[in-house]
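In what follows, chains are A, B, ... by sequence order, proteins preceding strands, each numbered from 1. Please read all numbers here as calculations on a predicted model, not as lab measurements.
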Protein chains: 2
Amino acid sequence: MKNTSISEAAAHFGVPESTLRYYEKKGLLPHLRRDGAGRRIFSEFHMTLLQVILNLKRTNMPLDSIRQYVVWVVEGEDTTGLRLDMLLKHRQSVLGEIAGMQQALDGIDIKIGRYEERIENREKGAFEQDDDPRSRDQNHRKEVRL
Amino acid sequence: MKNTSISEAAAHFGVPESTLRYYEKKGLLPHLRRDGAGRRIFSEFHMTLLQVILNLKRTNMPLDSIRQYVVWVVEGEDTTGLRLDMLLKHRQSVLGEIAGMQQALDGIDIKIGRYEERIENREKGAFEQDDDPRSRDQNHRKEVRL
DNA sequence: ATAGGTCTTAAACCGGGGTTTAAGTCAAGC
DNA sequence: GCTTGACTTAAACCCCGGTTTAAGACCTAT
């Protein structure tokens, strides 16, 4: 029965008010009531819905798909199967996305390791070899090392 | 010593050629040479660099930051510390991002569980209660259930 | 030598996801 | 009764990361 204002809702979820207005306009917050002065009232339902929306958004679901989900919520129990389906597909795609990021991160970690090694070697009194005449023209074309 | 054409590079990394041209224009692919006919030649260095760029991109590093990284690569060994620093910060931010997605996904999994339960219950011969007169006006304001 | 395929360029365009601006209304405190 | 602060709206604006378009140059096979 809590009636939450837009500023409270924004503070609660840590998003700008402008975003909440934008979401309403985009159809993510259906049936949002107004008070006598025309101000938005976020019901408990809307607060819960918003939590779900933000979970979906944090996992990179496009707003258009989130809107479809919300439309199904409003349509009622007949759409439970569709919603379940959507969430299961989304879940899979998120798992794939995370795995992809992990893989890329592994590649990055290898570079980090190399850089640490280089700096280590540099500090360990590795005097500049470039003053050795025998290496003078070896690396003439300025070697760019990743 | 392999000289790779833009089409080969694109195929190799599974990105459109237009993206590679765009990356060059944005400064992500410095010193890209051309053949007699003005076509881009991707050296081994560029192929390796591209792999790194794509790893950074897959972990959501903005192109501007990637460009900064590349500039440092070109500037040479003096910037190893800066690069290491950047990668370490990025690593942390990616780990945070992944953790955040995981958390959101946990919330989504809970909804999935509820939906599965509902469908389960519906299939288990739960006849429609709505035909029982005693429940007639209970849920008059159409209850929207997430 | 002509057609197809591949390449080049600059510039315009697109889609997603907001954010900002301008102009105005309202309620409360002084 | 007047200012202050929170709120409203529609529309314009912005950033990012490309993609598409138009016009043209070049190699290769027939």
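Applying the side chain to side chain donor-acceptor pair (under 3.5 Å) test between A/H90 and each of A/D85, A/T59, A/N60 identifies A/T59 as the sole match.
Each end of the helix from C/dA1-D/dT30 to C/dC30-D/dG1 yields a helix axis from five base pairs, and these two axes differ in direction by 10° (to the nearest 10 degrees).
Note on B/L105: it clusters hydrophobically with A/L88, by side-chain heavy-atom contacts below 4.5 Å among ILVMFWY residues. Hydrophobic clustering, with ILVMFWY side chains joined whenever heavy atoms are under 4.5 angstrom apart, groups B/I108 together with B/I119. Note on A/V71: it does not cluster hydrophobically with A/L56, by side-chain heavy-atom contacts below 4.5 Å among ILVMFWY residues.
Contact detail for A/L28 and A/L49: the closest heavy-atom pair is O-CD2, 3.6 Å. In terms of heavy atoms, B/L20 sits closest to B/A9 at CD1-CB, 3.9 Å.
Ion pairing between B/E24 and B/R34 holds under the 4.0 Å rule for side-chain N and carboxylate O.
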Q: Verify side-chain contact (heavy atoms from CB on, under 4.5 Å) between A/M86 and B/Y115, making sure each step is shown before the conclusion.
A: CA-CA 11 Å; A/M86 175 182 232; B/Y115 285 155; over 6 Å; no
Dump every N/O contact between nucleotides 21-25 of chain D and the protein below 3.5 Å, one line per pair.
none

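Between the C1' atom of D/dT9 and the CG atom of A/L32 lies a distance of 15 Å, rounded to the nearest Å. Here C/dT25 presents its C1' atom at 12 Å from CG of A/D35, a figure rounded to the nearest Å.
For the pair B/L146 and A/F45, the minimum side-chain heavy-atom distance is below 4.5 Å. B/R39 is not listed as a side-chain neighbour of B/S5, based on a closest heavy-atom distance of 4.5 Å or more.
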(Q) Walk along nucleotides 2-19 of chain C from 5' to 3' and tag each nucleotide B, S or - by protein heavy-atom contact under 4.0 Å, base first, then sugar-phosphate. (A) -----SBB-------BBB
